[in-house]
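To start, the structure under review is shown below, and the notes come after it.
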Amino acid sequence: MARIRLNLLITALAFYVSGRSVSAINVSLPISAPGGSQGLSPTLLSFSIEQDRWPDWTGIDERNEFTHSALLNYAALTGQPPNIRVGANSEDHTFWSPTVTIEEASFPPPNTITPYPEATSITVGDAYYSLSRFLPTGTRMVWGVNLGADNVTNAVNMAKAIVGAFRTLAVQLSGVILDRIEVGNEADLYKNNGLRPSNWTVQEYVADWENVAGAVAEAVGINSRNDPVTLQGAAFAGQGFTPREIFDLGILNSAPGKAISVISQHQYSAAFCNGGDFPLVSFMSKAAVRGNLTIFEADIAATNSKGLVYILGETNSIACHGAPGVSNTAGAALWAVDYTLQAAKLGIKEAYFHEGVGYKYNFIQPITLNRSTVDGSTLDPPSPPHVQPSYYAGLLINNFIGNTGAAQLVELAVNDPNVSGYAAFEHGRLVRAAFINLHAWLTSSTGDRPSVHIDFNFARGATADSQKAVDSFWSSATAVARRIVIQHADDVANLTWAGQSYETPDAQPSGVPVFEPVDLSQGIDLRATEAVLVSF
Ligand SMILES: *[C@@H]1O[C@H](CO)[C@@H](O)[C@H](O)[C@H]1NC(C)=O
Ligand SMILES: *[C@@H]1O[C@H](CO)[C@@H](O)[C@H](O)[C@H]1NC(C)=O
Ligand SMILES: *[C@@H]1O[C@H](CO)[C@@H](O)[C@H](O)[C@H]1NC(C)=O
Ligand SMILES: *[C@@H]1O[C@H](CO)[C@@H](O)[C@H](O)[C@H]1NC(C)=O
Ligand SMILES: *[C@@H]1O[C@H](CO)[C@@H](O)[C@H](O)[C@H]1NC(C)=O
Ligand SMILES: *[C@@H]1O[C@H](CO)[C@@H](O)[C@H](O)[C@H]1NC(C)=O
Ligand SMILES: *[C@@H]1O[C@H](CO)[C@@H](O)[C@H](O)[C@H]1NC(C)=O
């Protein structure tokens, strides 16, 4: 008891070093992977794309070089491009037509809350799906099919067009692969958005899904969860329907249910559908990140117990395209690092960050924009394709994952309410650690920018390493640090990763890379609103 108190006292101690406010924390780093380490997928960071403006992301006559380059940066770090899911709300408003070449869509007028509204109706032809060939080689995809319209003929037409596109020579040669078909987006909201009666139940959902997905699976020859193309299940918006409920209703015993390989749920930490004022500091919070993810624990466990993979198939900070001053800021990049690594810790294999053209929470803006994403005002000159602050989160995350395909993660106990930490292991051995200081340093902040000092304390891991092994790691390890450097949490630009900016016309880094040598016996400093990756 006395000892615990003493530790708390020491670690909470704040003192001043040459006029700067520095608090010291002592972090225990296991040198080998502890029990309960989670596998890190090379595609942990993946993307979901709103279906209505899909051709803008890929290009039509030739590939969109900006999208390609921005995705390829990520692919180079883990050896695998992010997975791409195309669908979301517009998935349930899309019809296939034999007479449309690529896409015809109608969009409502923009307004200040929603400068880039979603299409209300979308008609696509076969060539729409074969634009998938413009993604980086090796990209794996999930395509959405319309369940909202409750029209089996259209759902089957869409699925045939999707599978047919991936059988064309052009898509085959591109090396882009179809992994899954998702029948219906956020069906738990259908009773609110008019796609089903207001008394529609989860029982009716299961029967409806089995009917439409059954016809889809049969038409395109999907029979089991071990087939090359399988079905993605659930894709619910909130806790309206849950994976546990549909398992209990026997969905996995139905013919299409036997072809479900992955269960998807969606999560946003708030919603900006009618505007609102969201404080950035409420997002830069360890407690809020954890509170928004631990709600899925029972569904993750139930999914894994059925032998299925669990993902967040659509996620981001604030629903309805993000909120200004939060989703588009540097603070959101730090939020995204902690959120994604926390998701991995909970057994969520992949987190698909939702993107649309002109959305506030995008990592990537793929085309030139004429209207402000913040309030819809005219941009003169227009804003060319660019990466947004959250893009830098992916650079840290994918460097943390590395390219061996073998990395595992644990969360580290960090005794500071604003600082989170994670360690990565390869072949059981400690290789990297990431620390995120969510303490918000804003343009309005005054005084000295606070900092925490992190001391490393290497410890025995799961394999009961000898003290000799620990001492030897400590004495022989060399380390370098790379950082996401941010001027202010509420900045909407001007970040760097390892000394380089990616805010360039082609998403290629500019500037001299900065690798800081770390003296492990001295530890590191981490400023408020900064993240660091230490490689051992
Ligand atoms: C950190 O942990 C080490 C090893 O347990 C201990 O010797 C040291 O006093 C601790 N430092 C602080 C600041 O808690
Ligand atoms: C269902 O979709 C087919 C094919 O698009 C269309 O011809 C038919 O009119 C639709 N049925 C209804 C009830 O909307
Ligand atoms: C839902 O409401 C409709 C009338 O609007 C009714 O016919 C139907 O039986 C109700 N369904 C359930 C499950 O209560
Ligand atoms: C989710 O995150 C939001 C914004 O950070 C926060 O306001 C909310 O309290 C969090 N929810 C939970 C359940 O922790
Ligand atoms: C921007 O304006 C140009 C010229 O009017 C137009 O061609 C382009 O489609 C517009 N882009 C968007 C995203 O609206
Ligand atoms: C955590 O960060 C917030 C601002 O984001 C700050 O008000 C608070 O004092 C910080 N807590 C500690 C212990 O540093
Ligand atoms: C980026 O930094 C430059 C130089 O410090 C500054 O002039 C500019 O206003 C910053 N831009 C944003 C969007 O913060």
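Position 1 is the first residue of the sequence, and the numbers go up from there. Indexing begins at 1, ligand by ligand and atom by atom, following the structure's order. Computation of the quantities below employed the complete heavy-atom set of this structure, encompassing side-chain atoms and omitting hydrogens, waters and symmetry-equivalent molecules.
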Practice item. Please verify whether a non-hydrogen atom of A270 lies at under 4.0 Å from ligand 4. Key: no
Is a donor from one side chain sitting under 3.5 angstrom from an acceptor on the other, for H93 and Q51?
no
query: Is the Y205-F236 ring centre distance short of 6.0 angstrom?
result: yes
Check your understanding: Going by atom types alone, do T315 and Y339 pair a side-chain donor with an acceptor below 3.5 Å?
Key -> yes
The option among L280, N292, L293, V289 carrying the non-hydrogen atom nearest to atom 11 (N) of ligand 4 is N292
Answer yes or no for atom 9 (O) of ligand 3: protein heavy atom present at a distance under 4.0 Å? no
Atom 2 (O) of ligand 3 sits nearest the protein heavy atom N199 ND2, 2.2 Å
for atom 1 (C) of ligand 2, nearest protein heavy atom and its distance come out as N151 ND2, 1.4 Å
Tested for side-chain hydrogen bond (donor to acceptor under 3.5 Å, both in side chains) against Y190, the lone hit among D92, N185, D150, D208 is D92
**Item:** Short side-chain donor-acceptor distance under 3.5 Å, S451 and D525
**Value:** no
of all protein heavy atoms, closest to atom 13 (C) of ligand 4 is G291 O, 3.5 Å
Are more than 12 heavy atoms from other residues, nucleotides or ligands located less than 6.0 Å from atom CG of N274? no
So the atoms of ligand 4 within less than 4.0 Å of a heavy atom of A288 turn out to be 1 (C), 2 (O), 5 (O), 14 (O)
Using a distance threshold of 4.0 Å (strictly less than), state whether atom 5 (O) of ligand 3 has a protein heavy-atom neighbour. no
